Amino acid sequence: MRIKSVLLCLSAAAALGSTFANATPILVNGNFESTTNGGNKQLSSHVTNRADRTTLTGWTSSNGNDGGYNFVLDSAIANTWDSAIWLRDNGNGYSASPGGGNVFASDALYWPGVLSQTVTGLTIGKAYTLTFDYAMAQQSGFSGVNKQNYWEVGFGNATQQTRGLDLADGGFSGWKTASMTFTATGVSEVLSFLAKGTAPGAPPFMLLDDVALASAVPEPATWTMLLGGLGLLAFLARRRMAAPV
């Protein structure tokens with residue numbers, strides 16, 4: 001009974017440690033559902049009263065002058081004329097994002113803007129895992145082959161990139177999931193995404209959704225509780241074996 005009680009305590013402690021470790025979100029609006037002026041519009045670099053522009057809560061979209069040719073689209077209707085950017089869907093397998101709802105969309109070849117957010121509450125020297133879903137689609141009314149389009153991802157002074165996507169004329173890449181690990185060099189870091197590609201004359205749109213950032217390893221407090229509990233289990237087991245029958 002004593003060992004069973006210790007196991008229950010260990011389980012509760014691990015769960016509690018995990019809860020506290022992830023109790024405060026360190027990334028805002030990673031699913032792009034919160035906007036300042038509605039969705040299905042081109043993004044501005046600042047909050048605006050223009051009916052055709054919006055901003056994403058927690059994020060900044062900028063090409064140095066304005067928001068760039070960046071959009072927040074409803075992925076459920078992005079393949080229809082109701083969308084701010086109509087993505088081709090001629091039986092190419094187009095699908096809404098795995099998380100559903102809004103996606104961030106950027107043309108890598110036509111004034112792309114950087115999407116960025118300052119992430120706070122970080123621990124210097126700690127590793128963080130960034131995950132997100134991404135895809136590539138072609139704008140309706142255009143044709144041509146797209147080659148090696150990707151997301152360039154920045155975290156502080158570090159930069160990584162996703163696997164390049166190739167797209168046949170009128171095709172859709174399907175949704176991919178990326179996972180990257182970055183180490184914080186400050187208590188706050190700028191996380192950024194920039195669409196990049198080389199295919200001329202065939203406007204590709206890189207799509208992004210469900211951005212999440214979490215600690216790459218368990219919190220030290222959680223490890224301490226678990227190791228202490230395992231030590232106690234070993235001690236109790238030895239006492240039981242040594243006890244007279």
Side-chain angles (χ1 to χ4, degrees), residues 27 29-35 38-43 52-54 56 59 61 63 67-116 130-154 159-180 191-212:
L27 185 69
N29 195 26
N31 58 6
F32 309 124
E33 295 303 308
S34 179
T35 65
N40 195 29
K41 296 178 180 180
Q42 187 173 351
L43 290 170
D52 63 335
R53 297 293 179 92
T54 191
L56 287 165
W59 297 91
S61 175
N63 67 353
Y69 203 59
N70 292 348
F71 294 80
V72 54
L73 303 179
D74 181 346
S75 63
I77 64 167
N79 59 333
T80 73
W81 67 274
D82 290 319
S83 180
I85 290 294
W86 184 355
L87 302 180
R88 290 181 63 174
D89 180 10
N90 51 345
N92 61 10
Y94 174 83
S95 64
S97 74
N102 290 342
V103 297
F104 171 71
S106 183
D107 184 342
L109 300 178
Y110 185 75
W111 298 105
V114 176
L115 182 72
S116 63
L130 176 73
T131 58
F132 54 90
D133 295 326
Y134 70 107
M136 181 169 66
Q138 193 168 44
Q139 185 176 355
S140 182
F142 296 88
S143 61
V145 175
N146 289 283
K147 294 284 188 180
Q148 291 299 297
N149 284 253
Y150 60 92
W151 286 111
E152 181 179 88
V153 184
T159 302
Q160 297 187 43
Q161 64 186 51
T162 62
R163 178 170 62 87
L165 298 178
D166 294 336
L167 202 66
D169 181 17
F172 177 67
S173 68
W175 286 93
K176 319 295 181 184
T177 298
S179 179
M180 303 174 175
L191 171 66
S192 64
F193 293 88
L194 176 62
K196 288 201 167 185
T198 59
F205 267 89
M206 289 294 291
L207 310 177
L208 178 70
D209 197 15
D210 293 325
V211 182

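As the structure is a computational prediction, the values presented were derived from the model and not from experiment.
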Quick one, Lys147 with Asn149, criterion side chain to side chain contact (heavy atoms under 4.5 Å, CB included). Give me CA distance, side-chain angles, the key distance, then yes/no. CA-CA 6 Å; Lys147 294 284 188 180; Asn149 284 253; 5.6 Å; no
Under a 3.5 Å distance rule, please check whether [X] uses its side chain to pair with a backbone N or O of [Y] as donor and acceptor.
| X | Y | result |
| --- | --- | --- |
| Ser75 | Ala96 | no |
| Trp86 | Asn79 | yes |
| Ser192 | Ser116 | no |
| Asp210 | Gly99 | yes |
| Trp151 | Leu207 | yes |
| Thr54 | Gly38 | yes |
| Asn40 | Asp82 | yes |
| Glu152 | Phe193 | no |
| Glu33 | Val103 | no |
| Ser83 | Thr80 | no |

Do [X] and [Y] make a side-chain contact, defined as non-hydrogen atoms from C-beta onward lying under 4.5 Å apart?
| X | Y | result |
| --- | --- | --- |
| Asp107 | Pro112 | no |
| Leu87 | Phe172 | no |
| Leu167 | Val145 | no |

Verdict with supporting geometry, Leu130 and Leu191, side chain to side chain contact (heavy atoms under 4.5 Å, CB included): CA-CA 10 Å; Leu130 176 73; Leu191 171 66; 3.8 Å; yes
Hey, what do you get for [atom1] ([X]) to [atom2] ([Y]), rounding to the nearest 0.5 Å?
| X | Y | atom1 | atom2 | answer |
| --- | --- | --- | --- | --- |
| Phe132 | Lys176 | CZ | NZ | 13.5 Å |
| Met206 | Asn146 | CE | CG | 10.0 Å |
| Met180 | Thr159 | CE | OG1 | 10.0 Å |
| Leu56 | Asn102 | CG | CG | 7.5 Å |
| Trp175 | Asp209 | CH2 | CG | 5.5 Å |
| Ser179 | Gln160 | OG | CD | 9.0 Å |

Contacts of type side chain to side chain donor-acceptor pair (under 3.5 Å), residue Gln161, not counting sequence neighbours: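 Listed in chain order: nothing, the list is empty.
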Specify whether Phe205 and Tyr69 have parallel, tilted or perpendicular ring planes, treating 30° as the upper limit for parallel and 60° as the lower limit for perpendicular.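 Tilted, since the angle between the ring planes falls between 30° and 60°.
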With Asp169 via salt bridge (Lys or Arg N to Asp or Glu O under 4.0 Å) - residues at least two apart: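 Partners of Asp169 by the salt bridge (Lys or Arg N to Asp or Glu O under 4.0 Å) criterion, ordered by chain and then number, come out as Arg88.
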Please enumerate all residues that pass salt bridge (Lys or Arg N to Asp or Glu O under 4.0 Å) together with Lys41, with sequence neighbours excluded.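 Lys41 satisfies salt bridge (Lys or Arg N to Asp or Glu O under 4.0 Å) with no residue once adjacent residues are dropped.
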Would you sort out whether Trp59 and Phe32 count as a ring-ring contact (aromatic ring centres under 6.0 Å, His included), showing the intermediate values? CA-CA 9 Å; Trp59 297 91; Phe32 309 124; 5.6 Å; yes
Could you pull out the closest heavy-atom pair between [X] and [Y], with the gap in Å?
| X | Y | result |
| --- | --- | --- |
| Ala78 | Tyr94 | CB-OH, 3.3 Å |
| Tyr150 | Gly164 | CB-CA, 4.1 Å |
| Leu165 | Ser173 | CD1-OG, 3.8 Å |
| Ser106 | Asn70 | OG-OD1, 2.6 Å |
| Leu109 | Gly197 | CD2-O, 3.6 Å |

Report the C-alpha separation of Asn63 and Val114 in whole Å, then their side-chain angles, then the decisive distance to 0.1 Å, and conclude whether the side chain to side chain contact (heavy atoms under 4.5 Å, CB included) test is met. CA-CA 6 Å; Asn63 67 353; Val114 176; over 6 Å; no
Audit row: Leu43, Phe104, side chain to side chain contact (heavy atoms under 4.5 Å, CB included) steps and yes/no: CA-CA 9 Å; Leu43 290 170; Phe104 171 71; 3.5 Å; yes
Kindly determine whether Asn29 and Ser34 satisfy side chain to side chain donor-acceptor pair (under 3.5 Å), including the steps that lead there. CA-CA 6 Å; Asn29 195 26; Ser34 179; 4.7 Å; no
Does a side chain donor of either Asp52 or Gln42 reach within less than 3.5 Å of an acceptor in the other side chain?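 Gln42 and Asp52 do not have a side-chain donor-acceptor pair below 3.5 Å.
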Regarding Asp133 and Ser97, do their side chains bring together a donor and an acceptor under 3.5 Å, going by distance alone?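 No - no donor-acceptor pair under 3.5 Å links their side chains.
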